[in-house]
Amino acid sequence: MDTVLFHSATAPSPSSMANKRPCPSSSPPPPPPASSSSSSFNQIDHLFDAFLSLADSSSRSHSIDLSFDRLLDSTASDREQALLIDRALRLGSSITEAARRSARKRATKHNSVAWALPPDLTIKVFSMLDSQSLCYAAATCSLFNKCAMDPLCYTNIDLTTVVPKVNNAVVSTMIQRAGRSLQSLKLGIVPGPTISPGSSQPLVYTIRSSVDVSNFSWNDKKTRQGKESPILTRTCLSPLSADGSAAGILLRRLHLYNIERMDSASLCMALSVCPSLIDLEIVGLHVELRQFLTSVGLNCHLIERLFFESSKTGRDDSLKSPTCVDLVNNCPHLTSLSLRGFKLHDCKVRTLVKGFRKLRYVDFSTSYSITGNFLRNLGSTSMGTLLEFLILRDCMHLKETEVARFFTAVLAGDFKCLRHVDISNKEGLASEGDWYNRSYCSSVIPFKQVVEERPDICLLADFPSEGGSFSEMEQIIDSDLNSEIGLPLHHNGHASDSSVFISSSESSYNSDQGSGNEDSRDSSYVIYEESSDELDYFPI
Amino acid sequence: MASSRKITLRSSDGESFEVEEAVAVESQTIKHMIEDDCADNAIPLPNVTSKILAKVIEYCKKHVDASKAEDRVNDEDLKAWDAAFIKVDQVDQATLFDLILAANYLNIKSLLDLTCQTVADMIKGNLFPVRNEWLNFTFSIANRELVLVCLTEWVAHRRLFCS
């Protein structure tokens, strides 16, 4: 029986028959004349049947090996042996191909029963998936694949990862698929959810090693020069400009995190094709503040939320007054402004907060140089009435006297909409005079009164303590404070827990230079004696 | 002015359901039919079985009642009710799909969003086995070691997986 299989020279070769149709049981192939082809077809059927039943036996490979060897041995000429081997190879691959094709068809059929939704509803479901799951779904079967290519699935592209594993090609493909449907794009490296609560931990994150990618790097062979980089490079946003900026034109949200290789020029280029941007969040990019704000002012007139965190805390001193003026004039709709980790001067900040008429959310955490002076006399401006969130965490030069002045204004009736103030500082606040003198527990700031008279304000003033109990203070505080806060944690990016307290934390930061103020105090709590608004503040 | 007119809906298997007009017009399709004056007799719904129609009516009734109450607190309660309504052991996968198709046909946006989101969550949670055509075994999306991050390399890897 073995020899019959390989000597079926009369019939057309099995490989060509397999090419004609995957399923031999269906109607015979058209070209050959009816009777002879159907009889030869049946012969092939039998042969196949016999051959495949052979495949069932456990010693199959062994017996096929032996049989083939015997066949070769029995063939006389070298040339005929070569032909035989060649035919066997072709036969083998045809059978494999035919079997795979059938398996695919069966799987497709199974899926079309198991998945009862028509393509348009499948697309609707897919549009609710995150980008990662969408890719997984698309790799599953042809139906999912086709549906996952629809632009509607790519409205919100979120390719942020904890380790670098996305490169330009991925971004480019997704943006291309989105086309004009693209509304939101998030890109880059975000630290995982291990941020310690309560700290103003910046999202800046340096990529330790550009080859620190997951094992399954599907770009593994392309790290040599001239080839595709495994991580995002400066041109990763260029697809936004492609096709007449189809993707960029309607883009509303752009969030970029810790893209090492991005520079000012490429970022500004991207901004120039995104006139509809409403929400822009940039963290840890090596982009100069002034250039960035200039570009925003030039291109993004509809911007409502601006969040920019420096990659080099405190060293970017590029902001100039004309930039602030231009920004304020060109972007009148701004409601939320966060500039973290820059060197900002009070006069320039003042231009910004006075100039934006709709500003409700302000965050200048970890800024250098600002003293809080900019907060003076804002009562009559739009900010005096609209401001809801004021966050000045860890501003090294923030003066307690300025903070006190601010709260006096609050108590006087300004800032009616104020809901949240955060002046926590790992190093305490700057005392009057030399900013090296730190105040860890200010007696000039009317904490208690603010808490009593404005219970709607969530007040965070987390300073290091010198020891001293605060339990009695907590009792008083808890009864007054309104614990319902709407902390816009996604704005800040830090997962501070929303417990509301004025406290001294346990950490003992003992700054030797400025510890003179604490000794004269009995407890770590401030008793506010006078409620006069005109009180002049004296540092104790 | 609240019309308490009753509308009769007839499912594909001939069962009739009488509902208040306010509940019936949660469905834009039915609403248009009523406006076009096709609602004198029962409204036939040939694409919806009685089992599914009953669930749809249950959903619409709850949402109409909730919107009447106009209470802030009801928002959370309603969401909880929705979650319970669509919970997978209450609603098997086939029913879930039928609900999607019905919500689509009847044009009830909130139900359609709810059901589609549920399926999306199932896909995210690897609860949905779909046979992978190229890997030749029933492959749930949980097999992440084998699945790609992005489809740019899909074709190349198809060859890799199939070889």
ring-ring contact (aromatic ring centres under 6.0 Å, His included) contacts touching residues 41-66 of chain B (sequence neighbours left out): B:Tyr59-B:His63, B:Tyr59-B:Phe85
Heavy-atom neighbours of A:Asp243 CG exceed 12 at 6.0 Å: no
Within-4.5 Å side-chain heavy-atom neighbours: B:Val119 and A:Met128: no
Approximate separation, where rounding is to 0.5 Å, of B:Gln117 CD and A:Ser127 OG: 9.0 Å
Chain A contact via B:Asp113 - side chain, backbone, both or neither, heavy atoms under 4.5 Å: both
Set of residues satisfying ring-ring contact (aromatic ring centres under 6.0 Å, His included) with respect to A:His255, sequence neighbours excluded: none
Side chain to side chain, A:Leu117 and B:Asn104, heavy atoms closer than 4.5 Å: no
Minimum heavy-atom distance between B:Ala120 and A:Leu129, given as atom pair plus value: O-CD2, 3.3 Å
Point-to-point distance, once rounded to the nearest 0.5 Å, from CD1 of B:Ile100 to NZ of A:Lys124: 10.0 Å
